[in-house]
Structures are given as structure tokens and as C-alpha cells.
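What follows is a set of notes on a single structure, which appears directly below.
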Amino acid sequence: MGNSPVERPVLGIVSLSLIYSWVVLCVGGQCHDGERGALTKFRNGLNDPLNRLSSWGNHSDCCRWRGIACDKKTGYVTKLDLRNPYPISLEIREVSGHGYWNLSGRLDLSLLELKHLRYVDLSLNSFEGNSIPAFLGSLSELRYLNLSYSGFHGNIPPQLGNLSKLEYLDVSSSETALAIDSLQWLGNMHNLRYLDMTYVNLERAGEHWLHMINQLPLIQEFRCEYCGLTNLPPTLSFINFTSIAVLDLSHNSFHSTIPNWIANLSHLVSLDLSYNSLNATIPDWLPELHFLQEIKLAKGILYGEIPMSIGNITSLVELDFSENRINGSIPESISNLHQLELLDLSFNNIDGGTTLDKLCQLKKLKVFSLAECNLTGTIPACLGEFSSLEVINLWSNQLDGALPDTLGQLAQLSLLQIGHNSLSGTVSEVHFKYLSNLLFLDFSSNFLTLRFNDDWSPPFNLSVSSLRSCHLGPQFPSWLKTQKQLFQLDISYANISGNLPEWFWGISPAILNLSRNMIEAKLQNPLKVAQGGLVDLSYNLFWGPIPSMLNDVFLVDISNNKFSGPLPQHMSQAFPSLKFFYASNNQISGTIPISIGEMDLMLLDLSKNNLRGSIPPTIGNCRQLIVLDLSENFLQGEIPETIGSLNSLKYLHMEKNNLSGQIPYSIYNSSNLETIDLGENRLFGNIPASIGNFSRLRKLRLRSNLLSGKIPPQLAQAQSLHVLDLAHNNLTGLIPPSFGKMFANANQDQDIMEEILILRDDIPVDMGYYKDNLFVLRKGQMQEYTSTLFLVTSLDLSNNNLEGKILEELTNNSTLLLLNLAHNHFTGNIPKNIGGMSLLESLDLSSNQLSGSIPQSLSFLTSLSYLNLSYNNLSGRIPSGPQLQVLDYPSIYWGNPELCGPPFTDMCPGDNHTRTGEGIGDEGQENENEETDMLWVYSGIAPGFTVGFSGVLLILMFKESWRLSFFQFADTLSTKLSLHAR
């Protein structure tokens, strides 16, 4: 049958459609020649070290090239995705230059020929040295632009504001290499839904930055971490960006309250204002944000209690109030948050007595962090029911009791940190039964005992194991043999004794702490340790020679052991990358090798050994040295002049050696010195006046040398000085008048941590530090100070040949605790205002030629616990007072024959005469009664003594055996006394 006239046109249209579709399928998907050439030219401007773009050019169709996508109908390039699929850490990138897959180079203008481009992603590459090209603002069809973490620097070009169709813009980075002078260009980007400016410097963007963000009506996610913002407006005249769901303004410098306009962001899902100085209580309008799933207000200045209404935000998935000043207890209503996966209230002032039982309903928790929250009670067994739990951090609370064995059911757990509590009991295999994902284990500073079968093979493979102060011994824990991926192992204070097993050094953790045990072993030589590692073997019984290291190590602490023999002669080869070497209190002998100067040491502690010979001048090549401690050895010779080359030196200890010669004047160049201790040597000559120019000098100890000359008045210019010990030398002359205000700044702006040298952020707090120490004469005895050294203010000029009067101005040093001027030739009176030194605890002015009376103000020194004024020419009545009545030892005043009154029995002139006239009254009557009572006592004692002694004489007269025994005893006693006198 033939086709009808109506059917023929319809068939024709269908045929044409089929032909057109066939043409599109066969031709339309092909890359256009012009765009292929543009892409080739763009690639030529890039550095591609691993030929990541090898497919570019191997095929004529550029739509098949890696990272390129085209419109299926037109064939035009719409997508350029060169995102690095394998980003690596910045540390590795610095070593390799471009990383494994990172592209670098420049962005060529040929990109503008791709006029249909809608999507560009250049993130996670290395375009260092280049700014973001302004021509990107001419890609008018662009909807997506991701330049994050690509190494661009300089100002972000305002031409990006021409991209009116843009919906997604990410210019974030890991450092503040990018900046913006103004956000005005955002005003044209009305379609923008996502904006990430993390680490973009907005300090110059002005106080109206938020008003520009508020002009983006469709914005759903805005991130601006580390942007240097300082102004967070408390109010907005109108709210335009009500569609926003994610607002991240963390890590800025806001000093304000939490603004109330946030309450109007009804679609808000995530709010992050962490790491700002927001001085506020937790807002009561938070429950009104019904879609809220994440609240992050960590490390602000939040105070007050967590409101009960927090339990009404039932959609909440993450709640982070950590590192604030929140007090009160955890509200019961928090148990209503059944969707909660992250709870972090760490480092707050939660009321003591708060227990964890109320949190047993939060069964979806993945992260549970309440470190340092004053929690008490036990760890509840219900935690074992939280099948999704990945992190438990209850570090540094007051938890006690045993560890529940239900924790062994948490198959997803990767971090278990319960150190620094008071947990006790035994931990066994059952506590780890299903913990196959455990990577981080911290049981440190508890009272736990770990007991496992010898053949136990743990289900986990730890990265960090901190078991400090747990009871693991006496045998070395055999289960550690299976832990092949340990990065950090701390089993210090673990009661381990005996030898180390052969397999132990096969573990080779990067951070190893075996200190404070009783391990007795000779180390392998060379010793196998991890590359760049830290090894602390201190306070054990290790013996034998000091081994070299197979790999470069950063820190080695072998102090307080029994290592012997010489130091390796080629130190720089034995420890090629060593920065910190603690080897004090061993039996190391020989000399300090010359090769020490080839090392980049920051700390060298060889104190309390048997080292001899001289200090090699090459020590001056260690320009990074911060601590140099060679004290308590047998070193001799002069201190090398090269010591002045140590510009970074803070702590210099060479006391208790046999060093001679003069203090090198080159020491002036070491202007960062805080401690100089050259005491108990044989140094002679003058004290260099240049030491007074050390603005940071806190402790100067030169006692027990042969120094002579006058005390340089310039020493008083060391404004931070709080310990000056020049005792037992041959110093002459007067106390410089400048000493009158010498300790005016002592103990100001000082913190206990000034005595601790923190080495590196990744080093545990109990490793890699240095506590300065100093011996100070206090109350007649030498005492060693370490942690409390910063509290001591002391001036000791005793046992010299100083003369003249004691400066009245010296009493202006009101912060001084210890003052010793004994055994000199001081004359004149004790300063009358000595009572103004209100903190003085110890005062020794003995063995001088002081005269006159003791000032009454001495009785005002309420902290005084040691006083010695003996062997002077003092006269008159000894003053009385509450504190002096406690110090009632006559030896304090011996050698002053003109002194009278208590505690001496010698009465002062006039004390025995009856006083007459006004003012006697009842007091005079009371004294008279006391004298009468004493008279009756003496009158009773005298007859009793007479009768008793007469009886003894009568027996000796008539009893011959008694008489012979008595005279033999008397003769023997007389002989012994005469021999003793000789």
C-alpha cells in the first residue's frame, strides 16, 4: 500500500531528525581545533615533572584528554579539572620541589579561547611565585572556580567580580599568601552559593566586610578561617543572606560577644566561631535554630553554665565548647541529643563531682572528649555500648576505679586517652578484645597494672603508646614485639628491670622514652633508631661505651646511667643530625673531642662526668647552642675565647672544674645569656664590666675563684638579674652605689616556664626540655634550685676583702630574699632601714667590723628565718619583736661583747634598777612580784643544794671505795680534757 500525502511529510521529518542525530553523535562530540591548540599552548606553560598530562597530544580529540570534559552536543570544552589527586604534606613538598603529582609554572592567556568553560579546578598544585591571573575574570560562563591550596600569592584580582554566573569560589590556602584590599567586587556575584577564603588576609578589607557578604542573597556556605578579621559587627540593619547554611569564622581575632543577628539565620546547619576572643555566655537563642547540626565555639572566652535548653537542639550532630571558662555541671538534658556524634567539652571548669553516667544515652557518639574537666567517679561501663565510638579522651581528670572491660567491645575505637587520672586495677586482654583499629593509647600517670599472657598477640597495631607510670615490670612487656608501626613509645616509670630483649630494637619508634626504670643493659653499637628520632634512656642502669647511631637522631638523653669510656672521637659522624645531647651523671672519661665543633648542637650537657683536658676552641663553631653544661668534671686550662661566638647561648654552666685564666672578654658577644655559672674554679683577674650589658642575664655565679679587683658597677645594669654570687674571691673596694636598685625588676614578668627549654611542638611534654639549676647559699647551707629557681633573689658577696660602709641604698632592694655580706671588712652601722627589705629570709653580716646598735627595724622582717650578726663590734640592747623572739639563739650575736639583753643572760645597764615615777603602775608591781617569787625559788634551792652536796662529801670521807673511784674518774677526765685542748 502506498503512503498517503499526509504520511510522506511526517516520514521526511523523522528521516531528517535521524540524520541530524547521527551527525551529532558522529561529529558533535569532537574537540574543536582552536580549543585543542589553546589547551596545547596552556600545557606548554606548565611544569609537569611526572608527565601527568601525557595524554594531552596523544589523541586528536582533546575531549579525551585527562582532566578535560566537553559538551556532548557542541564539542566545546566546558571543564578543566587539573586538581592534584594525590596531595602530600607541605613538609614532603618542600623536599621534592613539586611533590609527586603537583603541577607548577604559569597559567597561559590561551585559556581565554575556551569561551564555554564552566568549571576550572587547579587546586592542590604548586604555582608558587605566581599571582592569580586577572584574566580569569573574563571567563564569563564560569560557574565553578577552585584555586585552593595551589601556592598562589599576592592580591586576589578584583576582576573575579566579573564572573556574575559563578556559583562556587574557593581561594583558600594553608598560609596567608593571598590578600584582599576590598570586597566590593563581590557585589556583582549574585549567584554565588559557596565562598571559601580560608587563610586569605582580610585585614585591609575594612570593617564593612560582613556587609559585602550580606549582599550575596543565595550564599549557602561561607568559610573565612584565619583571615585576620578583627571586627564582628554586633548588629546588621537587615539580613539578606538568610539562605546561609554553613558559617565558619573560626581562628580570627574578634574581641566581642556572639552577635544576635545569627539567630535570624533560620537555615543555619553549621556554626563555627572557634578560636576567637568572644567574651560571652552560651546564647539562649541557639535552640531556635531548628536545623542546627554543628555548634563549634571552642577556645573563646565563653563563661557561665551550659543551658538546660541545649537539650532541645535534637538535630545536633557536633557540639564543641572546648577550651573555654564554662563552669557548672553538664546538664541532664544533654542526654536528649540522640543524634550527637561529637561531644567536646575539654578544658573547662566543669564543677567537681560531675560524673559521666548521665551521658549513657548518647549511643551514636563517635568522638567523646572531656579532657581536663574536673570529672570524678568512674568510667561508666555503658561506653562499651557506643558501637560507633572512635575517640575517647578523658585525659587529666579525677577519675578513679577500674577500667571497665566493656571498652574491649569498641571495634571502631582508634584513640583511647585516659592518662593523668587516678585509675587503678589490672588491665588484661579482655580490655582490648575487639580493638583492632586502635592507634593511640594513653594510660600514662595512673595506677594501672598491665598484665597479659606471655603469648598474647594484640589485635591492634599502635602508632602511639604512652604507658608512663603504669606498672609493666619487672619483665619487659613481650606484647610490644608485635607493634611494628610505633611512632611513639613511652614506658617510663614502669618498674621494668633486667635486660632488653634482642627483638626490641627492631621496633625503632621515632620517639622512645624508657627513662626512670631499672633496665640494666649494654646497648648495641651502632644503635638502631628511627630516622630523626628522639631517644630518652635516662635514669636507668645502662652501661658500656656510648654507641653511635645507625640513623640520624634529633635528641639523645642517656643521663644518669653508667656509661663509661670516652666520647666518640668523631662525634659528628656518630650523631650526624643530633641537636640535643644529654649525657650528665655518667662515668664518661677522656677529653671533649675536637669534632664537637662540626655538630649543629642546640643543647650539650656533659656535666657530672670524669672528663679531663681542656675545652676545645672548636666549641665556638656550635653557633646554635642554647645550653652548654660542662660542670662538675675535671676540665682544666682556659675558657676559650671562641665562647663569644655562641650568640644563641642562654645557659652556660662550667662550675666545679679546674679551669684557670681570666674570664674571656669575648663573652660580651653572647648577649642572650640568662645564666652564667663559672663558680668553683681557679679563674683570676677582673670581672668583665661588659657582663652588665646582658639585658636578659638572670643568674651570675662566680663564687670560689681567685677573682680580684673591684666589683664593676655596670653589673647593676643587668636589669633582669635576680641571683648574684661573687663569694669566696679576692674582691676589694666598696659595694658600688649602683647596687642600690639592682634587684628592682627581680621576679617581674617571669614565669616558671622560663626555666624550661621547649624544643619542638611534636615532642612530648616530658621529653626535650631543660630545667636550669643553680647552687645558692641559703641559711648557711648550699642548696640546689631547679623548678623554683625563678623565685630566688640573692646577693652573696661574702668572704672577700670588701670594705667601707654597707650602703643604706642597698635596703631599697625590697624583693631580695637572701643577703650575705659575711667575712669582709665592712665598718659603720647596720643600715637603719634594713627592715624595709620585707621579703628577706636570710641575712648574714657576720665577721665584719660593724659597730653601733642593731636597728629596731630588724624586728619588722617577718619572713626572716636565718640571722647571723656574730663577730662584729655591735653594742647596746638586742632589739625584740615577734620574729626575733623565734630567732633566740645566742650564737647569732656571739663575738659582740657590748651587746646585752635576751637571748643573752647579760642584763643591759639599768635593767636591775627599780623605776620610779609615772608609767610604772601595774607593770612595776608585776615585775616586783616576779622578783619576789624568784627570790623564794632561789632561797629554796640554796639550802637543798647545801644539804645534798654535804651528803656527798660525808660519803667520800667515810667510804674509801667511793673515794678512790671518784678521784680515778676525775683524773681520767682531766687527762682527756688536756689532750683535747692540745
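Counting begins at 1 with the first residue of the sequence.
Between the side chain of His570 and the backbone N or O of Ser595, no donor-acceptor pair lies under 3.5 Å. Judged by distance alone, with hydrogens and angles left aside, the side-chain atoms of Asp557 form no donor-acceptor pair with the main-chain N or O of Ser538 at under 3.5 Å. The backbone N or O of Ile643 sits less than 3.5 Å from a side-chain atom of Ser670, completing a donor-acceptor pair. Panel note: side chain Ser478, backbone Asp454; a donor-acceptor pair is recorded below 3.5 Å. With hydrogens and angles ignored, the 3.5 Å screen pairs no side-chain donor or acceptor of Asn437 with any backbone N or O of Ser414. Within the 3.5 Å criterion, the main-chain N or O of Glu520 finds no donor-acceptor partner in the side chain of Asn540. Between the side chain of Asn461 and the backbone N or O of Lys484 there is at least one donor-acceptor pair closer than 3.5 Å.
A side-chain donor from one of Ser577 and Asp552 sits under 3.5 Å from a side-chain acceptor of the other. In summary, the side chains of Arg682 and Asn658 do not present any donor paired with an acceptor at a separation below 3.5 Å, with no hydrogens or angles considered. In this model, a donor atom of one side chain and an acceptor atom of the other lie less than 3.5 Å apart for His471 and Asn495. A donor and an acceptor atom, one from each side chain of Thr482 and Ser457, are nowhere located under 3.5 Å apart.
With salt bridges taken as basic N to acidic carboxylate O contacts below 4.0 Å, one links Glu680 and Arg701. Salt-bridge check for Asp796 with Arg703: passed, with a basic side-chain N closer than 4.0 Å to an acidic carboxylate O.
Cation-pi geometry between Lys656 and Phe775 is met: under 6.0 angstrom from the ring centre, within 45 degrees of the axis.
The aromatic ring centres of Phe386 and Phe368 sit 6.0 Å or more apart.
By the salt bridge (Lys or Arg N to Asp or Glu O under 4.0 Å) test, Glu372 is found to be paired with no residue, residues two or more places apart in sequence or in another chain being considered. When the salt bridge (Lys or Arg N to Asp or Glu O under 4.0 Å) test is applied to Arg778, the partners found at least two apart in sequence or on another chain are Glu841.
Counting only residues at least two apart or in different chains, side-chain hydrogen bond (donor to acceptor under 3.5 Å, both in side chains) contacts with residues 598-609 comprise Ser572-Glu598, Asp605-Ser607.
Relative orientation of the Phe452 and Trp456 rings is parallel, given thresholds of 30° and 60° on the angle between their planes.
Of all heavy-atom pairs spanning Met782 and Val776, the tightest one is SD-C, 3.6 Å.
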Open item on the list: Run Lys699 and Asp772 through salt bridge (Lys or Arg N to Asp or Glu O under 4.0 Å) and show every step you take.
Closed with: CA-CA 10 Å; Lys699 290 132 323 200; Asp772 195 19; 3.1 Å; yes
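Atom-to-atom distance recorded for Ser387:OG and Gln412:CD is 8.0 Å, nearest 0.5 angstrom.
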